[in-house]
Participant: 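Before I ask anything, here is the structure I am working with.
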Amino acid sequence: MQDRYDPKSVEPRWQRHWEEKDLFRAGARAGAPKKYILAMLPYPSGEMHMGHVRVYAIADVLSRYNRKRGYDVLQPLGWDAFGLPAENAAIKEGLHPRIRTPKNIKTFKEDVQSLGISIDWTREIDTSEPEFYRWNQWFFLRMLERGLVYRRRAKVNFCPSCNTVLANEQVEEGFCWRCGSKVEEREIPEWAFRITKYADRLLEGLDGLDWPERVVAMQRNWIGRSDGLEIEFPVVKSKSDRFRVFTTRADTIYGATYVAAAPDHPLVQKLAPAAKKAEIAAFAEKVRVAARAVGEGAAAAEKEGIDTGIRVKNPFTSETIPVWVANFVLAGYGTGAVMAVPAHDQRDFEFAKKFELPIRFVVRPSEEDDSFDPATAQKAFTEYGVLADSGSFSGLPSEQARLAIAAEAQRRGIGSPAVNFHLRDWGISRQRYWGTPIPILYCANCDPEGHGIPVPDEDLPVVLPDIDVKEVLTGKGEPPLAKVTSWVNIHCPRCGGPARREAETMDTFVDSSWYFARYLSPHEDKAPFLREDADRWLAIDTYVGGPEHAVLHLLYFRFWTKVMAELGLTAVHEPAQRLVTQGIVKGRDGEKMSKSKGNVVSPRDIISEYGADTARLFILFAAPAEKDMDWSDEQIEGQHRFLGRVFRLFQANADKVRGKTVHASFAQGEALEIRRKTHRTIARVTQQLERLQFNTAISSLMELVNTVTGFVPKNEGDEGAIVEALESIAQLLSPFAPHLAEEMWSELGHTARRRDEELVLRPWPHADPALTAEETVNIAVQVNGKLRGQVSVSAMAAEEDIREAAAADPKIRGWIDGKTVKKVVVIPKRLVNFVVGT
RNA sequence: GCGAGAGUGGCGGAACUGGCAGACGCGCAGGCCUUAGAAGCCUGUGGGGUGACCCGUGCGGGUUCGAUUCCCGCCUCUCGCACCA
């Protein structure tokens, strides 16, 4: 044994050992139940940061723990290798992504390995390899067959810096989520996935998931199901034209005093008087410009609008009311028009105030309360209440009136129930090079309208062509692939005539939507993965990653799983049963780490100074997994000291006990107390790991180490107790600080002759219930709820005896003698409370 | 505005289904070891009085023998969504 704790020599040695013995291979325990533990697919930037350390530490503790619990554990890792940063770098520096990416992967992988993460590397995948992305193309074609992919002309977010289309979800406050440039609006054709078809299933599926509430709430919000009524407002002086509006508050229809439509509503364009048309068109353009300037507090924008001159009839009051166009009505949601009820909707209220439109109060807080005065009111009454001035519906509560009015509208054939979602279809076209080519061709002969012809399955993969970076990746103009003429121009598979390939590539969220299933059959070349492998491993038991993916990746990958289930590839409909979202690791200054702030702590530096075990321990100990945490140089010193203490504890005892046959059952006195502490610690750490409370699990271990430190064995029983304690410490520590644990384990004389004798596979220790149970317990004694003393009694003592023991205590007598004891509360093993009068 | 979460020592944080608030760690103070330091070890450490006493988990109420925990009403902070009718 070395005389000092020296992780630099210890850690690489054990990492080699694990690799040579191939101990993290999944599928090697055929009869055992499985656990699939996965950290989110990393983008291989050249440098690992502390956030990665946290994700992998969490996933690894769970993997190592479950391996020792006898599970066949799958913990793979791969690379989200396609994407914008590599391409942007190529544009700037002229270095081909195909050269840069493998270099980055290599560095990143070394960093992961230097942390001692127990990955099954035989399953490593790289999404930029044709072996992987051909299945993106395969899925695309299957989805095309099922009508889940379609071509649409859509207003899209365009980033002038990345020169690419961004999904709505990738726009943050009007800026590109990756490069931060201001996003513009453009209209171009694109391919889209019909995720909206799954909106309800995505909503319902959330119920059975063991996910953080916050993420579930964000998804619910994002999907945004809204149940209401579509109802028609017929246009006055027209036989057939009517404005269809969507409302969730049919109960307020008697208060609808105008209709508000989106500025480019088709019916407005059609029906507006000629004199108004130019004005309306100008207004529509103004609103479009304003919408483009999102991020400048668009929500706070002043209400604006124009009276179109069109008049419609409120179908319930039969009143003639105006149609206005308004900047706050969205063309893309519902019907693009709403019935405006100023008394009961805040937006309509503000609008009506500004343009002096009538405000009619038709829902009262209660039947008697008619205090609402349109002239003086500062805001709308938007709660449910009781209807007033609403014809035969007056007096009904809102909930009932909603249904009754909807039913009446339906009976009259002017309305129908309708459901709207905030969720939009997922546009996947990217005008980029470094991504999966979309397997579509255009042939003027076979497909004159340009819908696109699917590439036949046997021609997959459509391989990304090699390119001259300087010529193709200019960052300007048309999609890069369109410039690669030798690739773009091919023969049509149907007619043999000239055809052209689709030059767009797929959003990289496609890769991360199903990669977790590719790990199951990473080398399969007939299918994306095998059904038998899916049946063995899916769903992911614990998925670990950042909460920033709550509505992007985590929604797409649930969608994709449902599609895979429909294709018969798997029986599961949800990809991940449990989700752990880890908090951010902030810099020394409490700010989020970033290069520009110069507060980045490099994992490499930490590992080389303190070792991987210290880094892992610190990041798990300093805060609960889901909370943000601050980097602390002092705390990491503390963890390093703790490992040093563990080392010295073994150093002090190993020689004495190594190789001896010892019997812990002989332990008595202090040694017996050590045994109790050992077994209680086993029980606690086990429970804390099940609950993902890594920080308290580590502090339980610290307590045990503190208890054992300084104990000098004097006889056989003592030695038995200390061996048991040391073995337990090595075992319990092994998921957290695996290298030191191995070192200590071998110090105790253990060498593995067989695979199942390896520490990483050896069964997790078992807590003996006879030893975790307390024999005597300290009971708190209160008088009138205030702590006044303590008594020690047998854990088995009857309530009666506990009460007497407490009452007999001299300190307590001082508080209760001479007073009337009105009541005594006895909670066995916990406390006694005397309630006394004065 | 809506949704979710959080407010506990100087700091990070503990406290199972209401039952000894502050585990564990950091920091700090004193001591040991040392020629000195580094490392390490020991003791103490919520506040106030300093006797076995009082006060303390954001604030104000409530339920209870007993509340960090449950209920009601506020305040502050973080995150997400934000004109979705």
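Chain identifiers are assigned alphabetically (A, B, ...) following the order of the sequence lines, protein sequences preceding nucleic acid strands; residue numbering begins at 1 within each chain.
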Participant: Between the protein and nucleotides 41-48 of chain B, list the N/O to N/O atom pairs that are separated by less than 3.5 angstrom.
Facilitator:
unit_1 : atom_1 : unit_2   : atom_2 : d
B:C41  : OP1    : A:Arg648 : NH2    : 3.4

Participant: What is the separation between atom CD1 on A:Ile779 and atom C1' on B:G66, rounded to the nearest whole Å?
Facilitator: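 A:Ile779 atom CD1 is separated from B:G66 atom C1' by 16 Å.
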
Participant: Under 4.0 Å between any heavy atoms, over every strand shown, what does A:Gly638 touch: base, sugar-phosphate, or nothing? Just pick one.
Facilitator: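 Answer is sugar-phosphate: A:Gly638 comes under 4.0 Å of backbone atoms only.
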
Participant: Can you tell me if A:His344 uses its side chain to pair, donor with acceptor, with the backbone of A:Phe381 under 3.5 Å?
Facilitator: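 Between the backbone of A:Phe381 and the side chain of A:His344 there is a qualifying donor-acceptor contact (under 3.5 Å).
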
Participant: Could you tell me whether the side chains of A:Tyr384 and A:Arg402 share a donor-acceptor contact shorter than 3.5 Å?
Facilitator: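 Side chains of A:Tyr384 and A:Arg402: pair found under 3.5 Å.
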
Participant: Under 4.0 Å between a side-chain N or O of A:Asn706 and OP1 or OP2 of B:G25?
Facilitator: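 Indeed, a polar side-chain atom of A:Asn706 lies that close.
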
Participant: Looking at every strand, decide which applies to A:Ser226 at a 4.0 Å heavy-atom threshold: base, sugar-phosphate, or nothing.
Facilitator: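 Here A:Ser226 touches the backbone only, sparing every base.
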
Participant: Do the side chains of A:Lys286 and A:Glu304 get close enough for a salt bridge, i.e. N-O under 4.0 angstrom?
Facilitator: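 Judged by the 4.0 Å cut-off on N to carboxylate O distance, A:Lys286 and A:Glu304 do form a salt bridge.
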
Participant: What is the distance from CG of A:Leu704 to P of B:C24, rounded to the nearest Å?
Facilitator: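 These atoms are roughly 13 Å apart.
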
Participant: Looking for any heavy atom pair under 4.0 Å, which part of the strands does A:Val835 touch: base, sugar-phosphate only, or nothing?
Facilitator: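 The residue A:Val835 makes sugar-phosphate contact but no base contact.
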
Participant: Who are the ring pair (Phe, Tyr, Trp, His ring centres under 6.0 Å) partners of A:His679, not counting sequence neighbours?
Facilitator: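 Counting only residues at least two positions away or on another chain, A:His679 forms no ring pair (Phe, Tyr, Trp, His ring centres under 6.0 Å).
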
Participant: Would you give a per-nucleotide map of nucleotides 2-17 of chain B, 5' to 3', where B means the base has a protein non-hydrogen atom under 4.0 Å away, S means only the sugar-phosphate does, and - means neither?
Facilitator: -SSS------BSS-B-

Participant: In whole angstrom, give the distance that lies between atom NZ of A:Lys823 and atom P of B:C65.
Facilitator: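 Distance check: A:Lys823 NZ to B:C65 P gives 5 Å.
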
Participant: Once you round it to whole Å, what is the distance between C1' of B:A85 and CG of A:Asp345?
Facilitator: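 Distance check: A:Asp345 CG to B:A85 C1' gives 6 Å.
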
Participant: In whole angstrom, what separates A:Leu552's CG from B:C79's P?
Facilitator: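 Checked: the CG to P distance equals 17 Å.
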
Participant: If we take the C1' atom in both B:G12 and B:U8, what is their distance in whole Å?
Facilitator: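 About 12 Å, rounded to a whole number of Å.
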
Participant: Determine the Euclidean distance between corresponding P atoms of B:C77 and B:A82; express it in Å to zero decimal places.
Facilitator: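 That atom pair is separated by 22 Å.
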
Participant: What's the CG-P distance between A:Leu787 and B:G56, to the nearest Å?
Facilitator: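 Interatomic distance, CG of A:Leu787 to P of B:G56: 15 Å.
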
Participant: Using side chain to side chain donor-acceptor pair (under 3.5 Å) as the criterion, point out the one residue from A:Gln346, A:Lys354, A:Lys353 that pairs with A:Glu350.
Facilitator: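 So, applying the side chain to side chain donor-acceptor pair (under 3.5 Å) to A:Glu350 and each of A:Gln346, A:Lys354, A:Lys353, only A:Gln346 qualifies.
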
Participant: What nucleotide among B:C81, B:C65, B:C20 has an atom nearest to a side-chain atom of A:Trp222?
Facilitator: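 Closest nucleotide among those given: B:C81.
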
Participant: Using atom CD1 of A:Ile223 as one end and atom C1' of B:C81 as the other, report the distance to the nearest whole Å.
Facilitator: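 A:Ile223 atom CD1 is separated from B:C81 atom C1' by 14 Å.
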
Participant: Does the side chain of A:Gln639 come under 3.5 Å of the side chain of A:Arg616 through a donor N or O and an acceptor N or O?
Facilitator: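 There is no such pair between these side chains.
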
Participant: Between A:Phe243 and A:Phe233, is the ring centre distance below 6.0 Å?
Facilitator: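 Between A:Phe243 and A:Phe233, the centre distance exceeds or equals 6.0 Å.
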
Participant: May I ask you to check whether A:Trp324 and A:Phe283 place their ring centres under 6.0 Å from each other?
Facilitator: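 Not close enough - the centres of the two rings lie 6.0 Å or further apart.
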
Participant: Cation-pi check, A:Lys303 to A:Phe328: give yes when NZ or CZ is under 6.0 Å from the six-membered ring centre and within 45° of the ring axis, no otherwise.
Facilitator: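 The answer is yes, since A:Lys303 meets both limits relative to A:Phe328.
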
Participant: Considering only atom P, compute the distance from B:C70 to B:U17 and round it to an integer number of Å.
Facilitator: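 My reading of the P atoms in B:C70 and B:U17 gives 10 Å.
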
Participant: Are A:Thr707 and A:Arg676 linked by a side-chain donor-acceptor pair shorter than 3.5 Å?
Facilitator: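 A:Thr707 vs A:Arg676: no donor-acceptor pair found between side chains.
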
Participant: Would you measure the distance from the P atom in B:C59 across to the matching atom in B:U64 and give it in whole Å?
Facilitator: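 Going atom to atom, P in each nucleotide, I get 23 Å.
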
Participant: What's the gap between B:A85 and B:U76 when it is taken at their P atoms, as a whole Å value?
Facilitator: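 Nearest-Å result for B:A85 against B:U76 at atom P: 29 Å.
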
Participant: Taking the C1' atom of each, how far is B:U43 from B:G48, in whole Å?
Facilitator: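 After rounding to an integer number of Å, I get 23 Å for this pair.
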
Participant: Between A:Met702 and A:Gln782, just flag the one whose closest nucleotide in RNA chain B comes earlier from the 5' side.
Facilitator: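 Taking each residue's closest nucleotide, the earlier one in sequence belongs to A:Gln782.
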
Participant: Provide the distance between the two P atoms, one in B:G5 and one in B:C83, to the nearest whole Å.
Facilitator: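 Going atom to atom, P in each nucleotide, I get 23 Å.
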
Participant: Give A:Arg225 one of three labels, base, sugar-phosphate or nothing, depending on what nucleic acid heavy atoms sit under 4.0 Å from its own.
Facilitator: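 The residue A:Arg225 makes no contact with any strand.
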
Participant: Tell me which nucleotide among B:G25, B:C83, B:G66 gets nearest to the side chain of A:Asn833.
Facilitator: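 In terms of side-chain proximity for A:Asn833, the closest of B:G25, B:C83, B:G66 is B:G66.
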
Participant: Can you tell me the distance, in whole Å, between the CD1 atom of A:Ile827 and the P atom of B:C20?
Facilitator: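 The answer, rounded to whole Å, is 10 Å.
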
Participant: Using the side-chain heavy atoms of A:Val825, tell me which of these nucleotides is nearest: B:C24, B:C65, B:C26.
Facilitator: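 My answer, after comparing the listed nucleotides, is B:C65.
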
Participant: Determine if the base of B:G9 is syn or anti; take syn to mean the glycosidic torsion is within 90° of 0.
Facilitator: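 For B:G9, whose glycosidic angle is within 90° of 0, the conformation is syn.
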
Participant: Within the side chain of A:Arg244, is there an N or O that forms a donor-acceptor pair under 3.5 Å with the backbone of A:Glu232?
Facilitator: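 The answer is no, because no donor-acceptor pair under 3.5 Å joins these two groups.
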
Participant: Please give the distance between the C1' atoms of B:C33 and B:G18 as a whole number of Å.
Facilitator: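 To the nearest whole Å, 49 Å.
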
Participant: Can you check whether any acceptor in the base of B:C65 is under 3.5 Å from a donor in the side chain of A:Lys822, or vice versa?
Facilitator: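 In this structure, the two groups form no donor-acceptor pair.
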
Participant: Let's test your reading of the pairing rules: Watson-Crick or G-U wobble, both distances under 3.5 Å, then write RNA chain B as a dot-bracket string with ( ), [ ], | and dots.
Facilitator: (((((((..(((......[....)))((((((.......))))))(((....)))..(((((..]....))))))))))))....

Participant: Distance-only criterion, 3.5 Å: show the donor-acceptor pairs between side-chain atoms of residues 254-267 of chain A and protein atoms not counting sequence neighbours.
Facilitator:
unit_1   : atom_1 : unit_2   : atom_2 : d
A:Thr257 : OG1    : A:Pro358 : O      : 2.8
A:Tyr258 : OH     : A:Asp348 : O      : 3.0
A:His265 : ND1    : A:Leu267 : N      : 3.1

Participant: Identify, with sequence neighbours excluded, every residue that meets ring pair (Phe, Tyr, Trp, His ring centres under 6.0 Å) alongside A:Tyr610.
Facilitator: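 If we apply the ring pair (Phe, Tyr, Trp, His ring centres under 6.0 Å) test to A:Tyr610, skipping adjacent residues, the hits are A:His640.
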
Participant: Is the closest basic N to carboxylate O distance between A:Asp251 and A:Arg249 below 4.0 Å?
Facilitator: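 Result for this pair is yes, salt bridge flagged.
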
